[in-house]
There are 2 protein chains.
Amino acid sequence: MNAKAERPALRRPREKHAEAAAPLRKPRADGQRNRERLMESAKAAFADLGAEVSLDEIARRAGVGIGTLYRHFPTRGAIVEAVYRREVQQLAGSATRLLASLAPGEALHEWMRLFVDYVATKKVIAPALGSIGGGASQLYASSGAQITDAMRLLVDRAGAIGAIRPDVDSNDLLRALVGFTYGVASPDWQASALRLIDILMDGLRPPRPIRAP
Amino acid sequence: MNAKAERPALRRPREKHAEAAAPLRKPRADGQRNRERLMESAKAAFADLGAEVSLDEIARRAGVGIGTLYRHFPTRGAIVEAVYRREVQQLAGSATRLLASLAPGEALHEWMRLFVDYVATKKVIAPALGSIGGGASQLYASSGAQITDAMRLLVDRAGAIGAIRPDVDSNDLLRALVGFTYGVASPDWQASALRLIDILMDGLRPPRPIRAP
DNA sequence: GTCATATACGGAGAGGCCCTCCGTTTATCA
DNA sequence: TGATAAACGGAGGGCCTCTCCGTATATGAC
């Protein structure tokens, strides 16, 4: 409700000649670290206490002062959005990470499980995102693309080696996933989604081995 | 922070069947009046200042104390929901009211204009409704039914006397209305919706008079 | 009209939360 | 090692929420 339109010119250190130049120092390590810890704590706090947690609580969990939180995230919307972006990036990024350490079929299966976690977070903070200034739809568009791409990558790889039927459309699969998770609001929805994912994966396997071992 | 966790159990609503069960006094007139004034003020305050207005502000506008507001609406969600319900009822109820004083075609036209006002209110308070406990979807379902019914009534009457083409489906019309109003978030959307409604009404008129004079 | 009383009113006050400001600490770099 | 920009922390002002309880008044009985 506050007219917080002004960002009040943070600091004015005595400047000799602040010319247009690139700051040469590299960013301080503690700053980066605290930023990361804040997002981590915020995610946990959202999950535990809902999207309305006090910012004090988030700072406390992160072990930093409230001033530090505000320096990194000047508005509540900023931290909510940052957490969401980070979730999306972690989910999308995990596709390649999983492909590096697992067989493509297993990577796909595991990624789908991660998707359920992602939706759990999103369910909590989406309302908060919604009441932020209207930029939410753009945010969703970009995140949707990242997730679509990750899904396609996994499906392509799994299809290429015959771990799943070759005619599976990654968009169909994504829609199925969304359906599993967005359905009812029962407290059991996560377990249910995970069971459905297992069943879906069974169904995705090719009817017969590509060739006998 | 003391043991005060009890909600004092909303006043027992009066029974409609005033049989043996309701030897109670009839509700005080000032109570009813204040409740009404609070909802009126809340609607105006939401429109002027957004859904996050302070409850103090709403009470002040209504000319009542903050205690009075809290007696009638124990939570913020309660007043938001009450305002929304009232909007829906007024919109739905205006269908019969308009039919009583206008020709059916005009009534339909006017009702569509009122629909734009309704959407304007809803746009503001929907985010607030969204972050209330999960009962919002049920609320929407019931309001949707009321609006659908009102629309059907108007379309039937207008169709019956030949004010509009006889083959118009009220659901189609409602979808069109929603499309007009939910489109872009430009500041001009209301004027645009009203213009589109006029055009739509022109299109709805039967191509020729029912029979020549 | 008068009275008794259930009902409703108002607003002070306690406690939270948001956000800013600025003195202190610390990481970088010369 | 020292200078300095960058980052930290948290006290404090201000607004908001919600409760409590003494006061006022509408209603119904007589």
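Per chain, numbering begins at 1; letters A, B, ... match sequence-line order. Heavy-atom basis, side chains included; hydrogens, waters and symmetry copies ignored. All values derive from a computational prediction rather than experimental measurement.
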Going from [atom1] on [X] to [atom2] on [Y], what distance comes out if it is rounded to the nearest 0.5 angstrom?
| X | Y | atom1 | atom2 | answer |
| --- | --- | --- | --- | --- |
| B:Arg61 | B:Lys43 | CZ | NZ | 13.0 Å |
| A:Arg157 | A:Ile164 | CZ | CD1 | 13.0 Å |
| B:Glu87 | B:Thr121 | CD | OG1 | 4.0 Å |

Which nucleotide in the list [options] gets nearest to the side chain of [X]?
| X | options | result |
| --- | --- | --- |
| A:Arg71 | D:dG9, C:dC18, C:dT28 | D:dG9 |
| B:Leu55 | C:dC9, C:dC19, D:dT17 | D:dT17 |
| B:Asn34 | D:dA11, C:dA8, D:dA7 | C:dA8 |
| B:Arg76 | C:dG10, C:dC29, D:dT17 | D:dT17 |
| A:Asp56 | D:dA26, C:dC18, C:dT20 | C:dC18 |

Item checked: Side-chain donor/acceptor of B:Ser192 to backbone N/O of B:Asp188, under 3.5 Å ->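 Not a single qualifying donor-acceptor pair exists.
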Check: Does A:Ala78 offer a backbone N or O that forms a donor-acceptor pair with the side chain of A:Thr75 under 3.5 Å?
Finding: yes
Check: How is A:Asp30 classified with respect to the nucleic acid when contacts are heavy atoms under 4.0 Å: base, sugar-phosphate, or nothing?
Finding: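 Here A:Asp30 touches the backbone only, sparing every base.
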Margin query: Using a 4.0 Å heavy-atom cut-off, does A:Gly67 contact any base of the nucleic acid, only the sugar-phosphate backbone, or nothing at all?
Written below: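 Base, at least one base heavy atom under 4.0 Å.
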What is the distance from [atom1] of [X] to [atom2] of [N], rounded to the nearest Å?
| X | N | atom1 | atom2 | answer |
| --- | --- | --- | --- | --- |
| B:Arg60 | C:dG11 | CZ | C1' | 12 Å |
| A:Tyr70 | C:dC22 | OH | C1' | 17 Å |
| A:Glu36 | D:dA7 | CD | P | 15 Å |
| B:Lys26 | D:dA26 | NZ | C1' | 10 Å |
| A:Phe73 | D:dA7 | CZ | C1' | 14 Å |
| A:Ile66 | D:dA7 | CD1 | P | 18 Å |
| B:Leu49 | D:dC16 | CG | C1' | 15 Å |
| A:Arg33 | C:dA27 | CZ | C1' | 10 Å |

Note to self: Just N and O in the side chain of B:His72: are any of them under 4.0 Å from OP1 or OP2 of C:dA8?
What the structure shows: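 Looking at the OP1 and OP2 atoms of C:dA8, neither is under 4.0 Å from any side-chain N or O of B:His72.
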Checklist line | Contact under 4.0 Å: A:Thr68 side-chain N or O vs D:dG9 OP1/OP2 | finding: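 So the side-chain polar atoms of A:Thr68 do come within 4.0 Å of the phosphate oxygens OP1 or OP2 of D:dG9, strictly under.
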Checklist line | Polar side-chain contact A:Arg28-D:dA6 base: donor and acceptor under 3.5 Å | finding: yes
Note to self: Need to verify one output field. Residue with the more 5' nearest nucleotide on DNA chain D, A:Gly65 or B:Ala29?
What the structure shows: A:Gly65
